Trainee: 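My questions will all concern the structure given below.
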Amino acid sequence: MGISQKQLGIQLGMEPGTASARMNHYEKGKHTPDYTTLKAMADELGVPVAYFFCESESTAEMLCILEKMTEEERAELVERIRKD
């Protein structure tokens, strides 16, 4: 997203001296952020929370595209997929 782990942590309200380490621990899976932190990270990065749980880049990309669609557009897409 073009920002460092430290900068992201600071933007989330973490102390500058620990922001990089905390974010690194989250990324490496050493610690798991609580939902509030995860939601703040998602909002800051412009992705849905579910993005962090995607197992592939293509799934993550599709999720981001879906989130930008209206509910009506998503419903139409679901119907088209079900017909195939």
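As the structure is a prediction and not an experimental result, all values here were calculated from the model.
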Trainee: If you round to the nearest 0.5 Å, how far is CD1 of Ile3 from CE of Met23?
Mentor: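 Spacing of CE (Met23) from CD1 (Ile3) equals 8.0 Å.
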
Trainee: Could you list the residues that satisfy side chain to side chain contact (heavy atoms under 4.5 Å, CB included) with Ala75, not counting sequence neighbours?
Mentor: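 So Ala75 forms no side chain to side chain contact (heavy atoms under 4.5 Å, CB included) with any residue.
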
Trainee: Suppose we screen for side chain to side chain contact (heavy atoms under 4.5 Å, CB included). Which residues come up paired with Thr37, at least two apart in sequence or across chains?
Mentor: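 Thr37 satisfies side chain to side chain contact (heavy atoms under 4.5 Å, CB included) with Met14, Tyr26, Pro33, Asp34, Met41 only.
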
Trainee: Nearest 0.5 Å, please: how far is NZ in Lys6 from OG1 in Thr18?
Mentor: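 Here the interatomic distance stands at 9.5 Å.
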
Trainee: Report the distance from atom CD of Glu44 to atom CD1 of Ile10, rounding to the nearest 0.5 Å.
Mentor: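 Atom-to-atom, Glu44:CD and Ile10:CD1 are 11.5 Å apart.
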
Trainee: To the nearest 0.5 Å, how far apart are CG in Asn24 and NE2 in His31?
Mentor: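 One gets 10.0 Å once the value is rounded to the nearest 0.5 Å.
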
Trainee: Which atom pair, heavy atoms only, marks the closest approach of Pro48 to Ala42?
Mentor: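 For Pro48 and Ala42, the tightest heavy-atom pair comes out as C-CB, 4.0 Å.
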
Trainee: Is there a path from Leu45 to Phe53 through hydrophobic residues (I, L, V, M, F, W, Y) whose side chains come within less than 4.5 Å of each other?
Mentor: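 Leu45 and Phe53: one cluster.
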
Trainee: Please report, to 0.1 Å, the donor-acceptor pairs under 3.5 Å made by any side chain of residues 63-71, with sequence neighbours excluded.
Mentor:
| from | atom 1 | to | atom 2 | distance (Å) |
| --- | --- | --- | --- | --- |
| Thr70 | OG1 | Glu73 | N | 3.0 |
| Thr70 | OG1 | Glu73 | OE1 | 3.4 |
| Glu71 | OE1 | Arg74 | NH2 | 2.8 |

Trainee: Is it true that Val47 and Met62 fall in one hydrophobic cluster, defined by side-chain heavy atoms closer than 4.5 Å?
Mentor: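 No, it is not one cluster - the side chains of Val47 and Met62 are not joined through contacts under 4.5 Å.
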
Trainee: Is the CD atom of Glu79 crowded by more than 12 outside heavy atoms at less than 6.0 Å?
Mentor: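 For Glu79, atom CD is crowded (more than 12 foreign heavy atoms under 6.0 Å).
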
Trainee: What distance do Glu72 atom CD and Leu77 atom CG have between them, rounded to the nearest 0.5 Å?
Mentor: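 Glu72 CD to Leu77 CG: 12.5 Å, rounded to 0.5 Å.
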
